[in-house]
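In what follows, a single structure is set out as structure tokens and then discussed.
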There are 4 protein chains.
Amino acid sequence: MSFDRDHVLRTTADLLSRKATATTEEVARAAGMSRATLNRHFPGRDALVRALEDFGITECEAALETARLEEGPVEEAVRRLIRAIEPHASLLTFLYSENQLFEGDEQNAGWSRIDERLTSLFRRGQEDGAFRIDLSAAWLTEALYGLLAAGTWAVTEGRVARNDITHMIVELLLGGAMRKDAS
Amino acid sequence: MSFDRDHVLRTTADLLSRKATATTEEVARAAGMSRATLNRHFPGRDALVRALEDFGITECEAALETARLEEGPVEEAVRRLIRAIEPHASLLTFLYSENQLFEGDEQNAGWSRIDERLTSLFRRGQEDGAFRIDLSAAWLTEALYGLLAAGTWAVTEGRVARNDITHMIVELLLGGAMRKDAS
Amino acid sequence: MSFDRDHVLRTTADLLSRKATATTEEVARAAGMSRATLNRHFPGRDALVRALEDFGITECEAALETARLEEGPVEEAVRRLIRAIEPHASLLTFLYSENQLFEGDEQNAGWSRIDERLTSLFRRGQEDGAFRIDLSAAWLTEALYGLLAAGTWAVTEGRVARNDITHMIVELLLGGAMRKDAS
Amino acid sequence: MSFDRDHVLRTTADLLSRKATATTEEVARAAGMSRATLNRHFPGRDALVRALEDFGITECEAALETARLEEGPVEEAVRRLIRAIEPHASLLTFLYSENQLFEGDEQNAGWSRIDERLTSLFRRGQEDGAFRIDLSAAWLTEALYGLLAAGTWAVTEGRVARNDITHMIVELLLGGAMRKDAS
DNA sequence: TATGAATGAGTCTTCATTCAT
DNA sequence: AATGAATGAAGACTCATTCAT
């Protein structure tokens, strides 16, 4: 069977987002191969993490494209966003929890670009009068990350059904973000 | 000066919630002592993590007492809760991200008790008609953890002012949780 | 070349019988490998000592079989015994000096069995009228251990030629154990 | 209570002759004091070992004086020797097992002097025609050390009564050493 | 003087990586 | 190309020693 790079990266993100201290052995076993083989494809742990970052950024940017954040009402854009990005939540969670480690890196540029697009979306919501202005766009962005992570864990622990989690996140975030008197 | 156990535990929680892979050396230095001394008081890294769990459970339970969750309108109880628990957020964040470890332990009993009290609070909100019923109490509990973690990181990264974070969390969570047509 | 477990154990016994405080590094180097590799095969110093005990028991039991202790005159059986067991003397010496450790363990059962067989041999000598009865069988057994250890050290320090040591031990032990008036 | 140097040294010799890897903590507790206090009197582990060596040499030399090795028949001299030196056997055992560690040291001079006197005694026995010449004087000396150590252990483990051990050692050694046809 | 507490030094163990098959 | 085995490097732990009381 040929080497399935995507599968390895997703499995690794799942594992590392739950257990940041997982050893290379655990990562390799979770991906169904030996340490040595994992090392052949990703020479060094750092290389694996970089690959994860690249992969995560690529996937998230694709999701952002799919969601067409700039189009239509903000509320609908947020719904599309969460629906598109939720499948990659564990990858995003991993990037989120690791992003203080590679500060100043070129990877950070990709990450910042994503972060900026999300923040812009929420800022647009505020400018449109749809979103409250006392909850800053930066906070809404950060809260989205937190809720995606919480959603992943809630599903993993069986507290929320996989099919419900997108709705749960969307409604909580929009409910909190939107003005109550919006007509 | 005598050994300040609380100080050590708080410092350690701060560090580990930001960098789960921190070495014993880093932990000890952050607490202002040598590795050997840290080891004298907490024999082994596991012992330190266990102590953090005990400490976190104790602190959170004290915060829950302070918040008097069963009293008055749910909305106010949630506000009191977040205000009381936010100072311990980094501890909670660490425990939250680590809570897959030591499963089945007696520590878990303490943690489950806290979790149950929070879930009860949200369930009461739903029974009172104040909270939406399509967002389950279990999810609101999990979301609270996620927002506390996001808040901690947002403050650490300078995206949100420390003085604002309680408001940000409260408003987002309550805004999302409460029924829109509540009179 | 494949890993030679016997070689490692023999080398280790040689070293530890001379210097009980030898570090893992010294043990590994004496066996011609790195600490890490030694640890791969014997995870932890205790595991190595346990393996030495198992190995020693096995080797000694084999030597006891070879010596056919129950056959022929006791004097000849003792000669065969010492001849058979002397090559393993450093292993035995190490175990002898360490045998207060791991008391009550299953290892001790194996050791006790050997001890019992030796004691039985000397008891037979007394019952046959060949050995003095004022020197107890238990003491003769213990003395045998002491003389084997002394022999190992005497050879190591160059006080006695390797080829002579069996004779030295045999003659001293038998000379002391046998009745003077034996016809 | 005043500090009892002799008691500490004897206790330490007892412990170290049985367990060469005993920690300073164990040594101090066996002597009935804290690590720190032991260190006050013997600054550093080496200092303690040196003191033990000095003490052991002094005690052994005193025992040798008492035994008047040069006087009378060799057989009687050996009996007096073992009777005099047996109470210090654990000290001697410790020195014996440690003596490869401080090679070339000045301490070694004292030890060698003792060793030489013992060897001379056995050589005299051979020259007198009382002892066999196929068992070298060096070996008999070494065997004496081994039997003293074995005797100490045999008593500790309850295999031989304390009151019998001198007889056991004497008879075994003399029986082995003496010519059978000695009239 | 005696001791609990603190720590530098050194040992033990594990991990990420490389190598031989 | 894939893997079990070997190992340097790094982390965790323990000990002997020192210090403040």
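So that the names make sense, note that chain A is the first sequence line, chain B the second, and so on, each numbered from 1.
- Each of B/P43 and C/R40 lies near DNA chain F, and the nucleotide nearest C/R40 is the one positioned closer to the 5' end.
- Relative ring orientation between A/Y96 and A/Y145 is described as tilted, the plane-to-plane angle lying within the 30° to 60° band.
- With 3.5 Å as the limit, one finds a donor-acceptor pair spanning the side chains of C/T37 and C/S34.
- Here F/dT14 presents its P atom at 14 Å from CD of D/E26, a figure rounded to the nearest Å.
- Put simply, CG on C/D46 is 11 Å from P on E/dC12, counting in whole angstrom units.
- Taking every heavy atom of residues 29-39 of chain D and every atom of DNA chain F, pairs under 4.0 Å involve D/R35, D/N39, by number.
- Put simply, C/T24 has a side-chain N or O that comes within less than 4.0 Å of OP1 or OP2 on E/dC12.
- Across the interface with DNA chain E, nearest-nucleotide mapping of C/E25 and D/H41 shows D/H41 to be the residue nearer the 5′ end.
- The bend of the helix from E/dA2-F/dT21 to E/dT21-F/dA2, defined by the angle between the axes of its first five and last five pairs, stands at 0° to the nearest 10°.
- Spacing between atom CZ of B/R5 and atom P of E/dA5 amounts to 14 Å, rounded to whole angstrom units.
- For A/R10 and A/E59, the salt-bridge test passes: some basic side-chain N is under 4.0 Å from an acidic carboxylate O.
- Salt-bridge annotation for B/R18 and B/E157: absent, with no side-chain N of the basic residue lying under 4.0 Å from a carboxylate O of the acidic one.
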